[in-house]
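First the structure, in the form of C-alpha coordinates, and then the observations on it.
Computed over heavy atoms, backbone and side chain alike; hydrogens, waters and symmetry mates excluded. All chains are named by letter (A, B, ...) in the order of the sequence lines, taking the proteins before the strands, and each is independently numbered beginning at 1. Quick caveat: nothing in here was measured; it's all calculated off a predicted structure.
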There are 2 protein chains.
Amino acid sequence: MNFDSFFTFLQEKTSISQQGWEAMLPILSEQKISKGDFILTEGQICQKLCFVKSGAFRAFYLQDGKEINNEFFLENSIATDHESLTTQQPSRLYIEALESVSGIVLHRDDLIELYKLSPDLQAVGRDLLSLLLIERNRYASLFTLNTPTERYHYLLENRPDILERIPLQFIASYLGMARETLSRIRRKIS
Amino acid sequence: MNFDSFFTFLQEKTSISQQGWEAMLPILSEQKISKGDFILTEGQICQKLCFVKSGAFRAFYLQDGKEINNEFFLENSIATDHESLTTQQPSRLYIEALESVSGIVLHRDDLIELYKLSPDLQAVGRDLLSLLLIERNRYASLFTLNTPTERYHYLLENRPDILERIPLQFIASYLGMARETLSRIRRKIS
DNA sequence: CCCATTTTGTGACTTTCGTCAAATGATCTC
DNA sequence: GAGATCATTTGACGAAAGTCACAAAATGGG
(Lines give C-alpha, C1' and ligand atoms only; values in the text may rest on other atoms or scores of the structure.)
Protein backbone atom coordinates (compact mmCIF):
# COMPACT_ATOMS: atom_id res chain seq x y z
CA MET A 1 0.00 0.00 0.00
CA ASN A 2 1.72 3.10 -1.23
CA PHE A 3 -0.18 6.35 -1.18
CA ASP A 4 2.79 8.67 -1.71
CA SER A 5 1.84 9.62 -5.24
CA PHE A 6 -1.51 10.89 -4.01
CA PHE A 7 0.16 12.96 -1.31
CA THR A 8 2.57 14.42 -3.84
CA PHE A 9 -0.37 15.24 -6.08
CA LEU A 10 -2.22 16.99 -3.26
CA GLN A 11 0.89 18.89 -2.23
CA GLU A 12 1.32 20.16 -5.76
CA LYS A 13 -2.29 21.17 -6.29
CA THR A 14 -3.52 22.18 -2.85
CA SER A 15 -2.59 23.59 0.52
CA ILE A 16 -2.66 20.23 2.28
CA SER A 17 -0.76 19.95 5.57
CA GLN A 18 1.11 16.97 7.00
CA GLN A 19 -1.58 16.61 9.68
CA GLY A 20 -4.32 16.79 7.07
CA TRP A 21 -2.68 14.05 5.10
CA GLU A 22 -2.29 11.84 8.15
CA ALA A 23 -5.97 12.29 8.94
CA MET A 24 -6.81 11.20 5.42
CA LEU A 25 -4.65 8.08 5.38
CA PRO A 26 -7.07 5.81 7.28
CA ILE A 27 -9.82 6.18 4.70
CA LEU A 28 -7.63 5.47 1.67
CA SER A 29 -7.49 2.08 0.05
CA GLU A 30 -5.73 0.68 -2.95
CA GLN A 31 -7.58 -0.88 -5.83
CA LYS A 32 -6.71 -2.51 -9.13
CA ILE A 33 -9.16 -2.13 -11.99
CA SER A 34 -8.75 -4.32 -15.07
CA LYS A 35 -8.83 -2.90 -18.54
CA GLY A 36 -12.40 -2.80 -19.76
CA ASP A 37 -13.94 -2.73 -16.30
CA PHE A 38 -16.34 0.00 -15.23
CA ILE A 39 -16.15 1.85 -11.93
CA LEU A 40 -19.42 3.64 -12.68
CA THR A 41 -22.31 3.04 -15.04
CA GLU A 42 -25.36 5.08 -15.99
CA GLY A 43 -28.10 5.01 -13.37
CA GLN A 44 -25.74 4.28 -10.47
CA ILE A 45 -25.24 6.76 -7.69
CA CYS A 46 -21.57 7.62 -7.52
CA GLN A 47 -20.10 6.79 -4.09
CA LYS A 48 -16.39 7.16 -4.52
CA LEU A 49 -13.44 8.89 -6.11
CA CYS A 50 -10.50 7.07 -7.60
CA PHE A 51 -7.10 8.71 -7.80
CA VAL A 52 -5.22 7.22 -10.75
CA LYS A 53 -1.68 6.09 -9.85
CA SER A 54 -1.24 4.42 -13.21
CA GLY A 55 -3.50 3.55 -16.12
CA ALA A 56 -6.36 5.46 -17.65
CA PHE A 57 -10.11 5.87 -17.49
CA ARG A 58 -12.55 7.47 -19.83
CA ALA A 59 -15.92 8.91 -18.84
CA PHE A 60 -18.61 8.86 -21.49
CA TYR A 61 -22.30 9.39 -22.07
CA LEU A 62 -24.45 6.96 -24.02
CA GLN A 63 -26.57 9.25 -26.15
CA ASP A 64 -28.85 7.74 -28.81
CA GLY A 65 -26.69 4.62 -28.85
CA LYS A 66 -23.52 6.64 -29.36
CA GLU A 67 -20.71 6.98 -26.88
CA ILE A 68 -19.78 10.60 -26.27
CA ASN A 69 -16.61 10.95 -24.24
CA ASN A 70 -16.67 13.65 -21.64
CA GLU A 71 -13.35 13.29 -19.83
CA PHE A 72 -10.18 11.24 -19.62
CA PHE A 73 -8.50 10.43 -16.34
CA LEU A 74 -4.83 9.59 -16.69
CA GLU A 75 -2.13 9.43 -14.01
CA ASN A 76 -2.46 12.02 -11.28
CA SER A 77 -6.10 12.80 -11.76
CA ILE A 78 -9.20 11.87 -9.85
CA ALA A 79 -11.82 9.81 -11.62
CA THR A 80 -15.38 10.36 -10.46
CA ASP A 81 -18.71 11.80 -11.51
CA HIS A 82 -18.61 14.88 -9.41
CA GLU A 83 -22.25 15.73 -10.02
CA SER A 84 -23.61 12.36 -8.94
CA LEU A 85 -21.14 12.21 -6.06
CA THR A 86 -22.37 15.47 -4.55
CA THR A 87 -26.06 15.38 -5.46
CA GLN A 88 -26.41 11.62 -4.91
CA GLN A 89 -28.60 11.44 -7.97
CA PRO A 90 -28.20 8.70 -10.59
CA SER A 91 -25.24 9.29 -12.86
CA ARG A 92 -25.53 9.74 -16.59
CA LEU A 93 -21.93 8.65 -17.07
CA TYR A 94 -20.02 5.46 -17.62
CA ILE A 95 -16.44 5.38 -16.36
CA GLU A 96 -14.38 2.63 -17.96
CA ALA A 97 -10.74 1.64 -17.56
CA LEU A 98 -9.05 1.99 -20.96
CA GLU A 99 -5.91 0.52 -19.45
CA SER A 100 -5.48 -1.45 -16.25
CA VAL A 101 -5.62 1.02 -13.42
CA SER A 102 -3.82 1.09 -10.14
CA GLY A 103 -5.87 3.48 -8.09
CA ILE A 104 -6.43 4.92 -4.65
CA VAL A 105 -10.06 4.92 -3.61
CA LEU A 106 -11.87 7.31 -1.30
CA HIS A 107 -15.49 6.80 -0.33
CA ARG A 108 -17.92 9.66 -0.17
CA ASP A 109 -19.20 8.85 3.32
CA ASP A 110 -15.67 8.62 4.66
CA LEU A 111 -14.80 11.91 3.02
CA ILE A 112 -17.75 13.66 4.65
CA GLU A 113 -16.70 12.30 8.04
CA LEU A 114 -13.15 13.37 7.34
CA TYR A 115 -14.23 16.93 6.67
CA LYS A 116 -15.91 17.01 10.08
CA LEU A 117 -12.87 15.55 11.79
CA SER A 118 -10.29 17.73 10.02
CA PRO A 119 -11.98 20.93 8.91
CA ASP A 120 -8.78 22.29 7.41
CA LEU A 121 -9.14 19.65 4.72
CA GLN A 122 -12.11 21.63 3.44
CA ALA A 123 -9.57 23.97 1.89
CA VAL A 124 -8.00 21.04 0.07
CA GLY A 125 -11.33 20.05 -1.41
CA ARG A 126 -11.93 23.67 -2.33
CA ASP A 127 -8.58 23.91 -4.11
CA LEU A 128 -9.29 20.79 -6.13
CA LEU A 129 -12.77 21.94 -7.09
CA SER A 130 -11.34 25.27 -8.11
CA LEU A 131 -8.89 23.62 -10.50
CA LEU A 132 -11.60 21.41 -11.92
CA LEU A 133 -13.84 24.40 -12.49
CA ILE A 134 -11.11 26.22 -14.39
CA GLU A 135 -10.47 23.16 -16.51
CA ARG A 136 -14.15 22.61 -17.31
CA ASN A 137 -14.64 26.25 -18.18
CA ARG A 138 -11.74 26.13 -20.60
CA TYR A 139 -13.13 22.96 -22.08
CA ALA A 140 -16.53 24.57 -22.53
CA SER A 141 -14.97 27.66 -24.08
CA LEU A 142 -13.25 25.49 -26.67
CA PHE A 143 -16.61 24.94 -28.32
CA THR A 144 -17.70 28.54 -28.46
CA LEU A 145 -14.30 30.06 -29.24
CA ASN A 146 -12.58 27.54 -31.47
CA THR A 147 -13.03 25.57 -34.66
CA PRO A 148 -12.58 21.78 -34.72
CA THR A 149 -9.04 22.24 -36.01
CA GLU A 150 -8.20 24.68 -33.24
CA ARG A 151 -9.69 22.36 -30.65
CA TYR A 152 -7.40 19.59 -31.85
CA HIS A 153 -4.40 21.88 -31.58
CA TYR A 154 -5.41 22.87 -28.08
CA LEU A 155 -5.21 19.23 -27.09
CA LEU A 156 -1.89 18.82 -28.87
CA GLU A 157 -0.41 21.67 -26.88
CA ASN A 158 -2.11 21.22 -23.54
CA ARG A 159 -2.80 17.54 -23.14
CA PRO A 160 -0.51 15.66 -25.52
CA ASP A 161 -0.63 12.68 -23.18
CA ILE A 162 -4.25 12.14 -24.17
CA LEU A 163 -3.40 12.10 -27.87
CA GLU A 164 -0.63 9.62 -27.28
CA ARG A 165 -2.57 7.13 -25.23
CA ILE A 166 -6.25 7.44 -25.98
CA PRO A 167 -7.66 5.98 -29.22
CA LEU A 168 -8.65 8.70 -31.65
CA GLN A 169 -12.20 7.43 -31.92
CA PHE A 170 -12.71 8.43 -28.28
CA ILE A 171 -10.96 11.77 -28.63
CA ALA A 172 -13.14 12.83 -31.54
CA SER A 173 -16.36 12.96 -29.53
CA TYR A 174 -14.51 14.61 -26.64
CA LEU A 175 -13.60 17.38 -29.08
CA GLY A 176 -17.13 17.52 -30.44
CA MET A 177 -16.53 16.15 -33.91
CA ALA A 178 -16.91 12.97 -35.96
CA ARG A 179 -14.11 10.40 -36.08
CA GLU A 180 -13.65 11.12 -39.77
CA THR A 181 -13.30 14.84 -39.20
CA LEU A 182 -10.54 14.32 -36.66
CA SER A 183 -8.79 12.00 -39.08
CA ARG A 184 -8.93 14.65 -41.83
CA ILE A 185 -7.64 17.35 -39.52
CA ARG A 186 -4.67 15.19 -38.69
CA ARG A 187 -3.92 14.48 -42.33
CA LYS A 188 -3.52 18.18 -43.11
CA ILE A 189 -0.87 18.63 -40.43
CA SER A 190 1.68 15.89 -40.76
CA MET B 1 -27.18 48.40 3.21
CA ASN B 2 -29.20 45.25 2.95
CA PHE B 3 -27.36 41.99 2.55
CA ASP B 4 -30.29 39.70 3.35
CA SER B 5 -30.71 38.45 -0.21
CA PHE B 6 -27.11 37.22 -0.18
CA PHE B 7 -27.63 35.41 3.10
CA THR B 8 -30.79 33.80 1.76
CA PHE B 9 -28.87 32.74 -1.34
CA LEU B 10 -26.09 31.19 0.72
CA GLN B 11 -28.58 29.42 2.99
CA GLU B 12 -30.26 27.88 -0.03
CA LYS B 13 -27.09 26.79 -1.77
CA THR B 14 -24.65 26.02 1.03
CA SER B 15 -24.27 24.89 4.62
CA ILE B 16 -23.60 28.39 5.97
CA SER B 17 -24.15 28.97 9.69
CA GLN B 18 -25.40 32.08 11.45
CA GLN B 19 -21.93 32.61 12.90
CA GLY B 20 -20.33 32.19 9.51
CA TRP B 21 -22.64 34.79 8.06
CA GLU B 22 -21.89 37.24 10.84
CA ALA B 23 -18.17 36.79 10.24
CA MET B 24 -18.70 37.59 6.61
CA LEU B 25 -20.78 40.72 7.12
CA PRO B 26 -17.86 43.10 7.80
CA ILE B 27 -16.25 42.47 4.42
CA LEU B 28 -19.41 42.97 2.36
CA SER B 29 -20.18 46.24 0.64
CA GLU B 30 -22.96 47.42 -1.59
CA GLN B 31 -22.31 48.71 -5.06
CA LYS B 32 -24.37 50.08 -7.93
CA ILE B 33 -23.12 49.42 -11.45
CA SER B 34 -24.67 51.38 -14.32
CA LYS B 35 -25.86 49.68 -17.47
CA GLY B 36 -22.99 49.43 -19.90
CA ASP B 37 -20.27 49.59 -17.25
CA PHE B 38 -17.62 46.92 -16.94
CA ILE B 39 -16.55 45.34 -13.66
CA LEU B 40 -13.76 43.45 -15.41
CA THR B 41 -11.96 43.81 -18.73
CA GLU B 42 -9.43 41.66 -20.57
CA GLY B 43 -5.94 41.89 -19.14
CA GLN B 44 -7.07 42.88 -15.66
CA ILE B 45 -6.47 40.63 -12.70
CA CYS B 46 -9.80 39.85 -11.10
CA GLN B 47 -9.90 40.98 -7.46
CA LYS B 48 -13.53 40.65 -6.45
CA LEU B 49 -16.82 38.85 -6.71
CA CYS B 50 -20.13 40.60 -7.15
CA PHE B 51 -23.35 39.00 -5.94
CA VAL B 52 -26.21 40.27 -8.10
CA LYS B 53 -29.17 41.54 -6.06
CA SER B 54 -30.85 42.94 -9.14
CA GLY B 55 -29.85 43.54 -12.73
CA ALA B 56 -27.70 41.45 -15.06
CA PHE B 57 -24.15 41.00 -16.25
CA ARG B 58 -22.73 39.17 -19.20
CA ALA B 59 -19.21 37.75 -19.40
CA PHE B 60 -17.70 37.55 -22.86
CA TYR B 61 -14.46 36.90 -24.72
CA LEU B 62 -13.22 39.14 -27.50
CA GLN B 63 -11.99 36.66 -30.09
CA ASP B 64 -10.89 37.93 -33.51
CA GLY B 65 -12.96 41.06 -32.99
CA LYS B 66 -16.06 39.06 -32.13
CA GLU B 67 -17.76 38.97 -28.77
CA ILE B 68 -18.33 35.42 -27.57
CA ASN B 69 -20.54 35.29 -24.50
CA ASN B 70 -19.49 32.79 -21.89
CA GLU B 71 -21.91 33.35 -19.02
CA PHE B 72 -24.79 35.46 -17.84
CA PHE B 73 -25.16 36.56 -14.23
CA LEU B 74 -28.71 37.44 -13.28
CA GLU B 75 -30.25 37.86 -9.82
CA ASN B 76 -28.88 35.48 -7.19
CA SER B 77 -25.68 34.63 -8.91
CA ILE B 78 -22.10 35.65 -8.37
CA ALA B 79 -20.35 37.52 -11.13
CA THR B 80 -16.59 36.98 -11.33
CA ASP B 81 -13.88 35.42 -13.41
CA HIS B 82 -13.14 32.51 -11.19
CA GLU B 83 -9.97 31.57 -13.03
CA SER B 84 -8.35 34.99 -12.80
CA LEU B 85 -9.59 35.41 -9.24
CA THR B 86 -7.86 32.26 -8.05
CA THR B 87 -4.77 32.23 -10.23
CA GLN B 88 -4.26 36.01 -10.17
CA GLN B 89 -3.39 35.90 -13.82
CA PRO B 90 -4.77 38.43 -16.32
CA SER B 91 -8.34 37.71 -17.28
CA ARG B 92 -9.43 36.95 -20.82
CA LEU B 93 -12.98 38.07 -20.01
CA TYR B 94 -15.00 41.23 -20.07
CA ILE B 95 -17.87 41.47 -17.59
CA GLU B 96 -20.41 44.10 -18.52
CA ALA B 97 -23.66 45.19 -16.88
CA LEU B 98 -26.47 44.59 -19.39
CA GLU B 99 -28.86 46.22 -16.95
CA SER B 100 -28.11 48.47 -14.00
CA VAL B 101 -26.91 46.22 -11.22
CA SER B 102 -27.38 46.47 -7.52
CA GLY B 103 -24.66 44.21 -6.18
CA ILE B 104 -22.87 43.03 -3.08
CA VAL B 105 -19.11 43.06 -3.47
CA LEU B 106 -16.53 40.82 -1.80
CA HIS B 107 -12.82 41.36 -2.28
CA ARG B 108 -10.45 38.48 -2.79
CA ASP B 109 -8.01 39.54 -0.09
CA ASP B 110 -10.80 39.93 2.44
CA LEU B 111 -12.15 36.54 1.50
CA ILE B 112 -8.77 34.88 2.04
CA GLU B 113 -8.53 36.53 5.48
CA LEU B 114 -12.07 35.46 6.22
CA TYR B 115 -11.27 31.83 5.50
CA LYS B 116 -8.45 32.00 8.03
CA LEU B 117 -10.67 33.65 10.61
CA SER B 118 -13.67 31.38 10.12
CA PRO B 119 -12.47 28.07 8.73
CA ASP B 120 -15.99 26.65 8.63
CA LEU B 121 -16.69 29.06 5.77
CA GLN B 122 -14.37 26.94 3.65
CA ALA B 123 -17.26 24.52 3.34
CA VAL B 124 -19.43 27.33 2.00
CA GLY B 125 -16.90 28.13 -0.69
CA ARG B 126 -16.62 24.43 -1.45
CA ASP B 127 -20.39 24.11 -1.84
CA LEU B 128 -20.51 27.05 -4.24
CA LEU B 129 -17.62 25.76 -6.32
CA SER B 130 -19.27 22.38 -6.45
CA LEU B 131 -22.45 23.89 -7.89
CA LEU B 132 -20.50 25.93 -10.40
CA LEU B 133 -18.58 22.86 -11.51
CA ILE B 134 -21.79 20.94 -12.11
CA GLU B 135 -23.21 23.83 -14.09
CA ARG B 136 -20.10 24.24 -16.22
CA ASN B 137 -19.91 20.56 -16.92
CA ARG B 138 -23.50 20.52 -18.10
CA TYR B 139 -22.80 23.54 -20.23
CA ALA B 140 -19.78 21.85 -21.79
CA SER B 141 -21.76 18.66 -22.40
CA LEU B 142 -24.34 20.66 -24.33
CA PHE B 143 -21.85 21.02 -27.15
CA THR B 144 -20.83 17.38 -27.39
CA LEU B 145 -24.25 15.87 -26.73
CA ASN B 146 -26.71 18.23 -28.35
CA THR B 147 -27.49 19.93 -31.64
CA PRO B 148 -27.98 23.70 -31.81
CA THR B 149 -31.74 23.21 -31.67
CA GLU B 150 -31.47 21.01 -28.61
CA ARG B 151 -29.16 23.51 -26.95
CA TYR B 152 -31.77 26.19 -27.43
CA HIS B 153 -34.43 23.97 -25.88
CA TYR B 154 -32.17 23.27 -22.94
CA LEU B 155 -32.06 26.98 -22.24
CA LEU B 156 -35.82 27.29 -22.69
CA GLU B 157 -36.41 24.63 -20.07
CA ASN B 158 -33.60 25.33 -17.65
CA ARG B 159 -32.86 29.03 -17.84
CA PRO B 160 -35.91 30.74 -19.34
CA ASP B 161 -34.97 33.91 -17.48
CA ILE B 162 -31.98 34.30 -19.77
CA LEU B 163 -34.14 34.05 -22.88
CA GLU B 164 -36.54 36.61 -21.50
CA ARG B 165 -34.02 39.22 -20.53
CA ILE B 166 -30.86 38.81 -22.58
CA PRO B 167 -30.74 40.00 -26.20
CA LEU B 168 -30.71 37.07 -28.60
CA GLN B 169 -27.49 38.22 -30.25
CA PHE B 170 -25.69 37.52 -26.98
CA ILE B 171 -27.41 34.21 -26.40
CA ALA B 172 -26.43 32.89 -29.83
CA SER B 173 -22.70 32.87 -29.14
CA TYR B 174 -23.32 31.48 -25.64
CA LEU B 175 -25.03 28.55 -27.35
CA GLY B 176 -22.25 28.25 -29.90
CA MET B 177 -24.11 29.34 -33.00
CA ALA B 178 -24.58 32.36 -35.26
CA ARG B 179 -27.29 34.94 -34.52
CA GLU B 180 -29.05 33.95 -37.70
CA THR B 181 -29.11 30.28 -36.78
CA LEU B 182 -30.74 31.03 -33.44
CA SER B 183 -33.30 33.16 -35.21
CA ARG B 184 -34.13 30.33 -37.59
CA ILE B 185 -34.43 27.81 -34.77
CA ARG B 186 -36.93 30.07 -33.05
CA ARG B 187 -38.98 30.50 -36.21
CA LYS B 188 -39.57 26.78 -36.51
CA ILE B 189 -41.05 26.55 -33.04
CA SER B 190 -43.63 29.28 -32.61
C1' DC C 1 3.43 -15.62 -37.15
C1' DC C 2 -1.04 -15.55 -38.96
C1' DC C 3 -5.77 -14.59 -38.74
C1' DA C 4 -9.43 -12.03 -36.64
C1' DT C 5 -10.64 -7.91 -34.75
C1' DT C 6 -10.26 -3.30 -33.95
C1' DT C 7 -8.86 1.16 -35.24
C1' DT C 8 -7.87 4.66 -38.50
C1' DG C 9 -8.07 6.72 -43.00
C1' DT C 10 -10.36 7.95 -47.50
C1' DG C 11 -13.81 9.19 -51.06
C1' DA C 12 -18.50 10.54 -52.47
C1' DC C 13 -22.36 12.66 -51.12
C1' DT C 14 -25.65 15.16 -48.06
C1' DT C 15 -26.89 18.15 -44.51
C1' DT C 16 -26.24 21.77 -41.58
C1' DC C 17 -24.70 25.85 -40.33
C1' DG C 18 -22.12 30.25 -41.26
C1' DT C 19 -21.65 34.36 -44.00
C1' DC C 20 -23.12 38.29 -46.38
C1' DA C 21 -26.47 41.58 -47.56
C1' DA C 22 -30.65 43.56 -46.97
C1' DA C 23 -35.19 44.29 -44.85
C1' DT C 24 -38.06 44.54 -41.06
C1' DG C 25 -39.05 45.45 -36.36
C1' DA C 26 -38.07 47.42 -31.84
C1' DT C 27 -36.17 50.91 -28.79
C1' DC C 28 -34.36 55.19 -27.29
C1' DT C 29 -33.55 60.06 -27.45
C1' DC C 30 -34.42 64.59 -28.10
C1' DG D 1 -43.60 61.26 -32.22
C1' DA D 2 -39.88 61.57 -35.87
C1' DG D 3 -35.47 60.13 -36.69
C1' DA D 4 -31.63 57.50 -35.44
C1' DT D 5 -29.82 53.53 -33.60
C1' DC D 6 -29.92 48.88 -32.41
C1' DA D 7 -31.87 44.11 -32.66
C1' DT D 8 -33.93 40.53 -35.15
C1' DT D 9 -35.41 38.21 -39.23
C1' DT D 10 -35.00 36.59 -43.88
C1' DG D 11 -33.03 34.92 -48.31
C1' DA D 12 -29.30 33.32 -51.21
C1' DC D 13 -25.19 31.17 -51.26
C1' DG D 14 -20.94 28.78 -49.89
C1' DA D 15 -18.07 26.34 -46.69
C1' DA D 16 -17.59 23.03 -43.27
C1' DA D 17 -18.62 19.06 -41.05
C1' DG D 18 -21.51 14.72 -40.81
C1' DT D 19 -22.79 10.30 -42.79
C1' DC D 20 -22.15 6.15 -45.20
C1' DA D 21 -19.46 2.72 -47.28
C1' DC D 22 -15.33 0.76 -47.75
C1' DA D 23 -10.18 0.31 -47.69
C1' DA D 24 -5.97 0.27 -45.25
C1' DA D 25 -3.40 -0.13 -41.16
C1' DA D 26 -2.57 -1.59 -36.60
C1' DT D 27 -3.28 -4.64 -32.80
C1' DG D 28 -3.58 -8.81 -30.20
C1' DG D 29 -4.58 -13.51 -29.18
C1' DG D 30 -3.87 -18.27 -30.09
Considering only residues two or more places apart or on different chains, which pairs with a residue in residues 90-106 of chain B satisfy side-chain hydrogen bond (donor to acceptor under 3.5 Å, both in side chains)?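 For residues 90-106 of chain B: K32(B)-S102(B), E42(B)-Y94(B), R58(B)-E96(B), Q63(B)-R92(B), D81(B)-S91(B), E99(B)-R165(B).
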Please list all pairs meeting side-chain hydrogen bond (donor to acceptor under 3.5 Å, both in side chains) that have one or both residues in residues 169-182 of chain A, counting only residues at least two apart or in different chains.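 Of all non-adjacent pairs touching residues 169-182 of chain A, those that pass side-chain hydrogen bond (donor to acceptor under 3.5 Å, both in side chains) are N69(A)-S173(A).
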Can you measure [X] atom [atom1] to [N] atom [atom2] for me and round it to whole angstrom units?
{"X": "E99(B)", "N": "dC28(C)", "atom1": "CD", "atom2": "P", "result": "11 Å"}
{"X": "K35(B)", "N": "dT27(C)", "atom1": "NZ", "atom2": "C1'", "result": "9 Å"}
{"X": "I185(A)", "N": "dG9(C)", "atom1": "CD1", "atom2": "C1'", "result": "14 Å"}
{"X": "E150(B)", "N": "dC17(C)", "atom1": "CD", "atom2": "P", "result": "10 Å"}
{"X": "E164(A)", "N": "dT8(C)", "atom1": "CD", "atom2": "C1'", "result": "18 Å"}
{"X": "R165(A)", "N": "dT7(C)", "atom1": "CZ", "atom2": "P", "result": "16 Å"}
{"X": "D64(B)", "N": "dT19(C)", "atom1": "CG", "atom2": "P", "result": "11 Å"}
{"X": "L145(A)", "N": "dG18(C)", "atom1": "CG", "atom2": "C1'", "result": "17 Å"}

Can you tell me how far CD1 of I104(A) sits from NZ of K48(A), rounded to the nearest 0.5 angstrom?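 Going from the NZ atom of K48(A) to the CD1 atom of I104(A) covers 14.0 Å.
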L142(B) side, atom CG; R151(B) side, atom CZ - distance, nearest 0.5 Å: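 CZ of R151(B) is found 7.0 Å from CG of L142(B).
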Using chain B heavy atoms and a threshold of under 4.0 Å, write down where along DNA chain D the contacts begin and end, 5' to 3'. dA7(D) to dA12(D)
Side-chain hydrophobic cluster, 4.5 Å single linkage: members besides L133(B): L129(A), L132(A), L133(A), L129(B), L132(B)
Step by step, work out the side-chain contact (heavy atoms from CB on, under 4.5 Å) result for F3(A) and M24(A). CA-CA 11 Å; F3(A) 300 137; M24(A) 191 183 288; over 6 Å; no
Donor + acceptor pair across side chains of T144(A), N70(B) (<3.5 Å): no
Is there a side-chain contact between F73(A) and L98(A) in this structure, where contact means two heavy atoms from C-beta onward sitting under 4.5 Å apart? no
So which heavy atom on L182(B) is nearest to which on L175(B), and how close? CD1-CD1, 4.5 Å
How close do H82(A) and I134(B) get, heavy atom to heavy atom, and via which atoms? ND1-CG1, 4.0 Å
Does the pair R138(A)/E135(A) count as a salt bridge with the N-to-O cut at 4.0 Å? no
Contact list please: residues 168-183 of chain A against DNA chain D, heavy atoms, distance less than 4.0 Å, in numerical order.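 Within this stretch, G176(A), M177(A), A178(A), E180(A), T181(A) sit under 4.0 Å of the strand.
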So if I take the C1' atoms of five pairs at each end of the helix from dC1(C)-dG30(D) to dC30(C)-dG1(D) and get each local axis, what angle do the two axes make, rounded to 10 degrees?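 Angle reported: 60°, given to the nearest ten degrees.
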